[in-house]
Amino acid sequence: MSVTNRLHARKRALCLLCFLFVFLIFVSLAAGAVKVSLSDMAAVVMGRGEAGHENILLHIRIPRTAACALAGSGLAVAGVVIQNVLQNPLAGPNIIGVNAGAGFGVVLCSFFFPLAYRAIPLAAFGGALCAVLFIYALARKTGASRMTLVLAGVSVNSLLNAASDMVHTFGNDTLTSTYSFRLGGFSSVSVQVLVPAGILIVAGILLVCLLGNELEILSLGEQAASSVGLNTRLFRFLFLVLAAVLAGASVSFAGLLGFAGLIAPHMARRLVGEECRYLLPFSALFGACFVMACDLGARTLWAPYEIPTGILLSFVGAPFFLYLLFRQKRRRSHD
Amino acid sequence: MIRCKNLCAGYGRRQILKEITWQAEPGKLTVIVGPNGSGKSTLLKSFMGQTDVCHGEVYLDGRPLSSWSSRETARRVSYVPQSRNEVNLSVSRMVLHGRFPYVAYPRHYTAEDYDKVAWALERTGIEELRDCLISELSGGERQKAYLAMALAQDTPVMILDEPTTYLDISCQLELMELLKDLAGEGKTVLAVLHDLAQGLQYGDRMLVMEKGEKVAYGTPEEIFESGQLDRVFGLAVHAGTHGQGKKHYWFERK
């Protein structure tokens, strides 16, 4: 691809994605058991809408749409950050146990303090942070290779999931909602949990975007980064904390939505390259669109039944990801 | 201006450098040679403050290196590492990050930074590659891009770890000439090389290391005459003269 083409493609891809994002928001607000047309929405905004429509929009559709967008973008940006910091394209919040850590935090929290809704994002963040720091310490201490790091992450992941299952087994009665939590979904999103988590996600994404140069320099490698005067130790730590905030906050209301954090960064890297000022917004938008589209499918395709969004996400995401990998392989072998 | 005094350094508890006292000369291309594991790269990294010093000190502009902040150091010493990650950034974007030590928060690069990048790309002869991705470049072009990044850093001291490895011979010579020119403009250029002949041919000074110790330092002729190369590498080093009166070197295993 020629150079000017690439620049154009980058801008075109961003514009297209913005358009898709807005379009999906409206479809997501409109679709469901009760159809809400654009004119109905306008009426509600003007304060002249039907009470039924207003209720549906305010209490169901808007929180749910916002939750999808927030979780998708939060996990996607967390994925970019983790991949850059660990310099490993295989890493993702769901692969190396960050999501599982957050999930374990949530399960523990709802087991011991079933009524503490506000503490859930905090518990999720705590769990995610522990997982991330453990992996990071492992990488530092042993100077572990990229492969070892991923393998260690995979084992941490299954360990934490097993711990969650254990709590689940003992606390059957108090944890009725954990099954859907494990699958990941938005059917029981509550505004109480969504608001603090949403604030964390938006703030986290903005901060990561502000530190885009640092993130880009870290991806050049340890020696190159410290030779231009970047305090690599400090910034690695800071970025991993931010990734834990993003992933933890997303998991706290959306459950273990696996694939969003891996597929969105990959898609973005492929389409707009590694430059963070394009990569970060593109990943965030793509993650949001992907989760919104899957959620839309999950609640409309089999209506009146609804399947957990996480299931559809994996059903769509995994084959798509495989397709991308195979295409990349083919292109490599042509070179 | 960079020097070290009684420097003992290494990684963690493993000490590699032993009592090295040496001063780099400004405006000279110093070639550092030695067998594998002799501590060449460790010495370079010590000049960047990237090793654990157990005894002695590195001095930068007369002040102990440990008292400089990493940003301050990065404005005086640039480093071209032997290997780095292959990222999909464009050349100009990566070179721009060489200006990182100069930007203040919120870390926006200014017009001056972009000018420096343009200059560095021109100096290394890769202006037309500015919008290419690093992963699309050949080995020689990539090395020039890394060198351009170090040039954009605009430092009096430049440190290169085996800059010619993986390059074809004409790229190697081109790079050596460029380094020599840069030294001629007043920069202190330190390069670890594996190719002794190139080091003898292009270096203004040569530092020979063995088992973490400084064995010899001087002009290539002095080093050749001293016979230290023969001893350290277990070689017989011969010198001859070209038609144009230039020296050239060849080697035999003893």
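Below, read A as the first sequence line, B as the second, and so on, with proteins coming before strands; counting in each chain starts at 1.
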- Task: Could you go through the side-chain contact (heavy atoms from CB on, under 4.5 Å) check for A:Val208 and A:Leu215 one step at a time?
- Result: CA-CA 8 Å; A:Val208 172; A:Leu215 194 60; 4.2 Å; yes
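Within the 4.5 angstrom heavy-atom criterion, no atom of B:Ile134 approaches chain A.
Taking 4.0 Å as the cut-off between side-chain N and carboxylate O, B:Glu162 and B:Lys40 do not count as a salt-bridged pair.
Interface check for chain B: of the options A:Gly273, A:Gly212, A:Ser219, the most heavy-atom pairs under 4.5 Å are formed by A:Ser219. Options A:Ser226, A:Cys276, A:Ser227, A:Ala225 differ in how many heavy-atom pairs under 4.5 Å they form with chain B, and the most are formed by A:Ser227.
In this structure, B:Thr155 contributes its side chain and B:Leu151 its backbone to no donor-acceptor pair below 3.5 Å.
Minimum heavy-atom separation, B:His97 to B:Pro101: O-CD, 4.4 Å.
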